[in-house]
Every structure is written in structure tokens, then in C-alpha cells.
Amino acid sequence: MKYDFAAIEKKWQDKWEECKPYAAETGSSKPKFYGLIEFPYPSGQGLHVGHPRPFTAMDIVTRKKRMEGYNVLFPIGFDAFGLPTENYAIKNHIHPAVVTKKNIANFTSQLKMLGYGFDWDRCVDTTDPKYYKWTQWIFLQLFKKGLAYKTTMPVNWCTSCKCVLANEEVVEGVCERCGSEVIRKEKSQWMLGITKYAQRLIDDLDDLDYIERVKIQQKNWIGRSTGAELTFDTNTEDRVTVYTTRPDTLFGVTYMVISPEHPLLTKWQDKIKNWDEVDVYKEAAAHKSDFERGELNKDKTGVRLEGIEVVNPATGKTVPMFVSDYVLMGYGTGIVMGVPGHDQRDWEFATKFGLPIIEVVSGGDITKEAFVAKDDSAVMVNSGFLNGLTVREAIPAMKKYVVEQGWGQEKVNYKLRDWVFSRQRYWGEPIPLVNCEKCGWVPLPESELPLVLPQVDSYELTDDGESPLSKMTDWVNTTCPCCGGPAKRETDTMPQWAGSSWYFLRYMDPHNDNELVSKEAEEYWGPVDWYNGGMEHTTLHLLYSRFWHKFLYDIGVVHTPEPYAKRTSHGMILGEGGEKMSKSRGNVVNPNDIVNQYGADTMRLHIMFIGDFEKAVTWSNEAVKGSKRFLDRCWNLMDIAKDDLSISEKNEPTIHKTIKKVTEDIDSLKMNTAIAALMTMVNEFYANGLTKGDLEQLMLLLSPFAPHITEEMWELTGFAAKYGKMAMQMPWPKYDETKTVASHHEMAVQVNGKLRSTIVVPADADDQTVIDAACADEKIKRQMEGMQLIKTIVVKNKLINLILKPAK
RNA sequence: GCCGCUGUGGUGGAAUCGGUAGACACAGGGGACUUAAAAUCCCCCGGUAGCGAUACUGUACGGGUUCGAGUCCCGUCAGCGGCACCA
């Protein structure tokens with residue numbers, strides 16, 4: 001009988017649809033396992049070959065967990081708000097909800113075609129009002145705790161599209177869509193106070209089982225630095241405060257720099273003698289994009305503030321003050337002390353403006369470049385009481401001194417900024433707040449949630465970059481829930497990150513209309529035991545969702561401070577030729593084609609066999625055949641298996657070894673070597689012959705990888721009838737360590753570290769026995785002629801190294 | 001520039017703690033079966049020399065540690081990912 005994958009896959013998928021073997025049961029007495037994959041964005045193109053990689057891996061992990069007796073939650077959903085759908089809607093005049101529905105239906109059928117063990121009854125869709133009711137609810141709680149606030153801040157503004165762009169939409173300083181210049185524009189935006197959680201987001205990483213590079217990237221993104229805030233007197237009534245990580249270099253300060261956006265600048269308008277010049281610089285800086293300010297314009301520019309002087313408390317001398325756009329308003333205090341001797345940026349600035357450069361740390365040549373000591377054992381000079389100390393000693397000494405003198409205090413800073421949470425877009429969750437002239441920003445009562453996205457005539461932005469919702473005057477004009485007076489609704493919507501920041505909680509209790517998640521469900525399922533996703537989500541999605549989860553922990557909604565106990569990441573699938581798959585390159589592989597040609601089981605197997613899960617791999621249509629061939633070989637074993645239900649003596653060591661290997665490899669996502677071990681086992685079965693008992697073990701091991709063919713074989717070989725269960729419902733096979741070892745080993749025999757021969761000896765033979773055996777070997781005898789044995793090294797069951805030297 | 005990762009046959013990739021480099025596949029070559037093709041089965045497959053046994057050589061490059069290095073250490077080069085005037 002031929003392996004008819006199309007008929008077999010259809011048969012079993014229909015069966016699973018009906019008997020729901022993947023249903024998770026909240027409150028079951030079995031141990032729980034919550035395996036999570038990043039839910040997809042349902043794009044119009046459908047699934048591409050990159051999706052099945054993480055999905056299949058976690059499907060295998062969770063299938064094995066079920067067989068090991070766990071009550072498994074392996075859910076799926078759709079992260080469906082977002083720009084591509086909105087843009088498609090604008091272009092084709094179709095409501096985004098209609099497009100979304102269609103795309104989700106398409107994704108669903110594709111995912112089912114691949115035979116994943118998702119609990120489809122728990123499927124969520126972030127654009128469903130029943131879902132985003134709770135996204136809005138979380139926002140309201142953040143607002144009530146003061147963690148959501150509105151502020152004016154610079155945004156990316158496309159001068160041609162006249163709209164606000166997300167950072168991701170700005171590519172090399174121009175608008176991704178039209179290629180026009182992008183400038184910074186002040187706009188009022190909702191912000192979330194993630195920086196208040198910065199330290200906890202760093203600290204709690206320590207106890208998590210995340211792959212190391214994810215932890216490192218998160219820490220770098222949060223960017224903690226320790227230093228001091230120092231306050232300087234000026235010749236105005238204001239004092240200025242700077243942040244520095246190197247208070248030890250205070251004696252080397254020869255000037256100060258203020259950011260063009262700093263409010264003190266405007267305040268000092270009358271005192272600055274060259275205000276016109278300063279104002280022009282200020283204006284010019286405002287019109288520069290971040291890109292120009294950063295990437296292109298390493299060349300330092302600036303204007304001296306005539307009439308403003310600052311006193312260096314360490315030396316008592318006055319130094320001049322400049323405005324320059326190399327100082328950022330958003331980090332530290334927006335004012336920097338210039339230490340040109342020991343900071344390359346300051347050195348460039350000082351060189352350009354002819355400012356003095358003082359050496360305060362010895363060891364470099366400050367006439368050529370700033371000396372930034374690589375280690376902290378360099379010695380301080382020209383620094384009063386610090387002279388002779390190493391940098392390592394000088395930093396704490398100066399910090400202490402600064403505090404004693406009342407010049408400042410120790411300070412920790414983070415690069416992490418608060419989260420810009422508004423989008424002037426239609427296709428997102430409406431922000432459930434109204435603005436009342438009397439009461440200010442007022443939250444909607446929770447009973448009015450969800451605040452449903454209203455129907456609009458056009459999804460285009462207004463000319464001044466406001467959300468399409470702002471044109472809906474009937475919707476915008478409302479009454480204040482607080483005083484009953486006239487009020488306006490917020491017309492900004494939430495970013496796509498919102499719905500994905502908590503979706504894993506909703507899976508635990510997806511149909512609950514009264515709570516985001518019931519206490520019972522959350523305490524049973526939380527936290528997620530294993531979350532796999534892309535490296536590209538390490539800094540944003542992962543950080544955002546950890547932040548929300550910590551907030552939910554603080555207000556008592558969840559019982560753990562962290563959402564995910566374990567995080568792994570998969571590599572990308574590249575197109576033929578090693579390039580990123582993209583429509584424009586025309587190298588996108590659609591999983592449908594592979595499934596039609598070879599079947600879902602082959603697709604699943606191949607995508608796992610293709611290479612190291614964490615690394616990028618190149619897709620090859622040619623190589624898929626190997627996986628299909630393997631399944632054919634498995635199938636054909638049915639014809640040659642002897643009618644004996646016990647494990648054959650000949651295959652026993654291989655079977656136990658393979659069970660061990662596959663068990664361990666699945667747990668560490670090394671599916672490629674697990675499959676290789678299964679292939680080796682099948683090759684041995686062909687070489688040795690096999691019993692039905694041998695085949696039974698193979699089917700159980702193969703089940704998580706290729707569930708359709710396995711169930712069919714399980715039925716045909718009579719095991720389904722024998723046990724009254726599907727293979728996937730059987731206990732995971734166990735191995736006996738003592739049976740994994742063969743009775744004899746082949747050992748390598750080296751002479752002076754070079755392989756010269758191999759010998760076969762009984763397992764666990766003692767050292768003298770193997771040395772004797774090695775010395776008796778013909779090839780070794782030849783090597784030993786005229787030589788003297790001075791040392792032997794024996795590695796049990798593996799290798800013998802004989803150290804010889806010429807005999808005297 | 002900074003942080004992180006990776007360099008292994010024609011190709012994808014294996015190789016617990018430092019212990020037989022190239023498992024398992026793909027492609028290729030040879031053979032069997034077949035009227036033929038597909039499929040299937042068997043054999044070969046890093047390089048150089050040799051009919052062969054075998055010898056030398058070989059994990060980006062240069063050093064080092066070690067009885068022994070793909071693996072550890074120092075340096076260099078290349079590629080990928082992230083961040084980037086963060087004081």
C-alpha cells in the first residue's frame with residue numbers, strides 16, 4: 001500500500017476537529033504546561049514558510065508534554081490591528097474588519113492544514129471588541145495609577161503625507177512610503193510610564209530562563225548607567241544641573257552645553273546677548289530629523305551663549321556655555337558638562353570652538369584625541385585632591401565629596417524612554433478617555449467598555465495628521481462621565497503593541513465577559529512555561545508585555561511578577577540564495593505548495609530538520625525530498641515488520657539510545673538531531689529487520705513530528721485497536737540507561753595524540769585490559785618499534801593515547 | 001564606533017566535560033531492477049599522493065595552552081543581528 005499523504009492528512013484532521021484531543025482543561029489535576037508561540041499578524045499574503053518554524057517546534061514540544069502526562073495549553077490567536085490592513089482598506093475602500101475576517105479565515109485553514117495541536121476553542125482576535133474591551137480596561141487601570149499621561153513630544157512627521165510616522169516607518173531619514181523628508185514635530189501624545197519599571201525589568205531577568213542574548217539585549221535597551229547629578233552656579237539666578245557618569249573628571253570641565261530644546265534657553269532670552277543667532281540655531285535644530293541629527297551629522301555644531309557663564313565648583317573658575325544639538329533633551333538633564341580631554345564628542349566640539357582641553361586622567365595624548373581609559377587603573381592628574389588616585393578610586397571619592405559639598409548627588413539613569421502610546425490611526429483600539437473642559441481627562445466608566453471603534457466613511461488621516469476618528473463629530477462629542485457637561489473623546493488609538501502585551505492571559509480564560517482572566521484560570525495556568533518567538537521582538541514586544549504584566553501583578557490581577565518563565569528564539573528562514581524572503585525578490589515560499597506536493601508531515605519534518613533552530617537557514621525546495629523519503633521508509637516498514645510485539649534483541653540498544661536522544665533533543669529544541677537519530681534508527685531497522693514491537697517505539701517517537709502518518713500507521717498495525725487510543729494519547733516511551741550501551745565499544749587508539757588504529761573491547765573494560773589490547777594491535781605494534789612507552793591516557797569507552805618517545 | 005552571535009566538505013548541517021572531525025540529509029558519481037522513465041535498493045563521495053594497505057594534510061587566518069584543540073586563551077580578518085552623539 002502506498003503512503004497517500006493527502007487522504008491520510010484529511011482523514012485525521014477531520015477526526016481531530018471532531019474529538020478535540022488538544023483541548024486544555026482548566027483546573028485538571030494533571031501538571032500543567034503552557035507553551036506559547038507569538039500569535040501571527042494575519043496579513044493578506046497568508047502564511048509564509050517562516051511561520052511554521054516556531055509553530056512546528058512548539059507543537060512538537062507540547063505534543064511530547066501531553067504524552068508525558070501534562071495538561072497542555074497550546075493556544076493560537078491573531079494580532080490583527082495594524083497598518084497593512086488599514087492601508088489595504090484605504091486603497092480598496094473595504095472596512096478593515098472585513099479584510100481582517102477574511103485574512104483570519106485564510107490563516108486558520110492554513111494552520112489547520114499543517115496539523116497543529118492548537119486548542120482552537122481558545123482562539124483570540126485582538127480586533128474583537130470582546131477582546132479589546134480588556135485592552136482598554138488595562139489602559140484605564142494604568143491611567144488611574146498615573147502611568148498613562150499625555151504630553152507634548154517630538155514625533156516623526158512626513159512633510160508630504162502630512163502624517164505622523166512610527167519609528168519603524170522612517171527608513172534612513174525619509175518616509176518609507178513616499179520617500180519624502182521626515183522632520184520632528186511637537187505633538188501631544190499619550191505616554192506609558194515604563195521607565196518607572198526600568199529597574200525591576202532589569203533585576204527580574206536574573207531569575208528567568210531566557211536565552212542569554214535576549215537578556216543582554218533587554219539590558220542594553222534599558223541602558224542603566226550610574227553616575228552623579230552635579231549642580232553648577234551661573235551668573236543668572238538659575239543653577240544648572242548636569243548628569244555625568246564620570247564625576248571624577250570635574251576638574252577637566254572647560255565649558256557647558258545645553259540642548260536646543262531646553263526650556264532654560266527661552267527663559268534666558270533677555271540675558272543672551274546673541275539671542276538672534278541662538279534662536280536661528282534652535283529653529284534649525286527643530287527642523288532636523290533624528291537621522292540628520294544623529295547619523296549624518298557627526299560634525300559638531302553649536303553657538304556660544306554670550307553673557308552666560310557657569311562656575312566650575314571644583315576649580316572656582318567660570319566656563320562658557322554653548323547650545324548644541326549633540327546634547328539630547330531626552331536623556332539626563334539636557335545639559336552636559338564638557339570634558340574634552342576624556343570624551344571624544346567633547347574633544348571634537350572643543351577643538352572646533354577653540355576651547356581649552358585639560359588632561360585630568362594620565363596615559364593618553366589629548367592633543368590627538370580624547371583619552372578614554374579602557375581600564376580604570378589610569379591615574380588622575382590636575383585634579384586637586386584626586387591627584388594620584390586611580391579612576392577606580394577617584395569616582396567614589398568624588399561622589400562622596402560632591403555630596404558633602406552639596407554640589408549634587410549620586411544618580412542612576414536609563415536610556416529607556418517612556419512608551420509613546422498614541423497613534424493617529426483608525427485601525428486600533430480606541431483610547432477610552434474623554435476630555436472635559438472642567439474635569440480634564442476623564443476615564444470612561446468600566447461599564448461602558450468596550451468603547452467600540454465607530455464606522456467611518458474614510459480611513460484616511462486628516463490633513464493635520466489627526467486620526468480619522470476626529471472627523472466623526474457625532475462620536476467625538478459626548479458628555480463628561482464626571483460632571484455631565486460637554487466633552488470630547490480622545491481620537492487617537494492604541495499602537496499594535498497593546499493587544500499583544502497581554503494576549504497570553506486571555507488564552508487562559510478567553511470567553512470571560514466579567515474579567516480579563518479569572519483568578520482560578522490565571523492561578524492554574526500562569527505563568528507561561530515556555531514562550532518562543534523571534535529575535536526581532538526582544539526589545540519591544542517582550543519588554544512591553546513584561547511591563548504590563550508587572551503592572552497587572554501590582555494591581556493584583558496576576559499572581560506572578562513575570563509573564564514568561566522561559567523564552568527561546570528561532571532564526572529566520574531565508575530564500576534560496578540566502579536572502580530574506582520578500583515579495584519584491586520573488587523568493588517567497590508558500591507552505592501550501594510544499595504541503596500539496598509532499599504533505600504536511602513532510603513539511604513539518606523538513607522545517608525542523610533544516611538546521612539549528614536558533615540560526616537563520618536557507619530554504620531549499622530540493623532538500624525537502626529527503627524528509628519525504630524518510631516518511632516513505634517509515635511507512636514501508638509496516639510491510640517487513642515481524643508479527644512480534646516485543647522489542648527485538650538486535651534493535652534494543654538503538655531503540656533505547658534513540659528514545660534518550662529524541663527525548664533530550666526535543667527539550668532543548670534540537671529537532672534536527674532528533675530527526676537524524678530517528679533516521680539512523682530506521683536505517684538500522686532496514687539493516688537488521690524489525691518486529692512490530694520495534695515499530696511501535698518508532699511510531700511513538702515520530703508522533704509529535706509527523707502526527708498524521710503516525711496515527712494512520714498506528715491504526716493499520718493494530719495498535720489503535722489494541723490500546724483503544726491514538727498514538728498521540730499514549731505515554732511517551734521510556735528508555736533504560738543500561739540498555740543504551742552496547743556490549744562492546746570501538747575505541748580509538750592514538751599514538752602521541754594521532755589516531756593510528758581502533759580496537760573493539762568489552763564495555764567498561766579496565767584500563768590495563770584496553771592498554772594491553774591496544775599494544776597487541778598490529779598497527780600499533782609497528783608504531784612502537786624502537787620506541788619507549790612513557791605514558792598512557794585512557795578515556796573510558798572512547799580512546800587510548802599512548803605517549804611514545806625514541807628508546808635510547 | 002559599541003554590544004551580541006557566527007565562520008566546519010559541492011550544499012544544509014552533526015560533533016555532552018577538550019577525546020576517532022564531517023553523524024543525518026541534499027546534490028553528484030557508479031551499479032542493480034526496468035523495454036524505458038520515475039520510484040526503490042546497493043556502493044563511493046574533504047584535499048594531495050598511491051593500484052592498494054597507507055601516509056601526509058584539513059574545522060576563516062596567525063600564535064598559545066595541552067598527551068590531545070572545531071571546542072579553551074590571546075590577536076587578526078570576514079559575515080549576520082541589535083544599538084548608535086545616551087554625557
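Convention: sequence-line order gives letters A, B, ...; per-chain numbering from 1. Note: hydrogens, waters and symmetry copies are ignored here, and every other heavy atom, side chains too, is used.
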Where each pair must be Watson-Crick or G-U wobble with both distances under 3.5 Å, what dot-bracket representation of RNA chain B is obtained, with crossing pairs in [ ] and other-strand partners as |? (((((((..(((......[....))).(((((.......))))).((((....))))..(((((..]....))))))))))))....
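- Every residue was checked against the side-chain hydrogen bond (donor to acceptor under 3.5 Å, both in side chains) condition with A:Arg629, not counting sequence neighbours, and none meets it.
- Residues passing the side chain to side chain contact (heavy atoms under 4.5 Å, CB included) test with A:Lys657, sequence neighbours excluded: A:Thr740.
- With sequence neighbours left out, the side chain to side chain contact (heavy atoms under 4.5 Å, CB included) criterion links A:Ile216 to A:Glu212, A:Asn220.
- In terms of the side-chain hydrogen bond (donor to acceptor under 3.5 Å, both in side chains) criterion, A:Lys779 has no residue partners (sequence neighbours excluded).
- In this structure, the side-chain hydrogen bond (donor to acceptor under 3.5 Å, both in side chains) partners of A:Thr241, at least two apart in sequence or on a different chain, are A:Thr231.
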Protein and nucleotides 18-26 of chain B: nitrogen or oxygen contacts under 3.5 angstrom:
unit_1	atom_1	unit_2	atom_2	d
B:G19	N2	A:Gln750	OE1	3.3
B:G19	N2	A:Asn801	ND2	3.4
B:U20	N3	A:Glu746	OE1	3.4
B:U20	O4	A:Glu746	O	2.9
B:U20	O4	A:Glu746	OE1	3.4
B:A25	OP1	A:Asn683	ND2	2.8
B:C26	OP1	A:Arg629	NH1	2.5

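- In this structure A:Phe349 satisfies the ring pair (Phe, Tyr, Trp, His ring centres under 6.0 Å) test together with A:Tyr255, A:Phe322, A:Tyr326, A:Phe353, sequence neighbours excluded.
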Could you list the protein-to-nucleotides 7-9 of chain B atom pairs, N/O on both sides, closer than 3.5 Å?
none

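- Remark: A:Tyr197 pairs with A:Asp554 by the side-chain hydrogen bond (donor to acceptor under 3.5 Å, both in side chains) rule, at least two apart or across chains.
- When the salt bridge (charged side-chain N to carboxylate O under 4.0 Å, His left out) test is applied to A:Asp612, the partners found at least two apart in sequence or on another chain are A:Lys615.
- For B:G47 and B:G29, the P atoms lie 16 Å apart once the distance is rounded to whole Å.
- For the C1' atoms, the distance linking B:G22 with B:G7 amounts to 16 Å, nearest Å.
- Partners of A:Thr673 according to the side chain to side chain contact (heavy atoms under 4.5 Å, CB included) rule, which considers only residues two or more places apart in sequence or in another chain, are A:Lys661, A:Asp665, A:Lys670.
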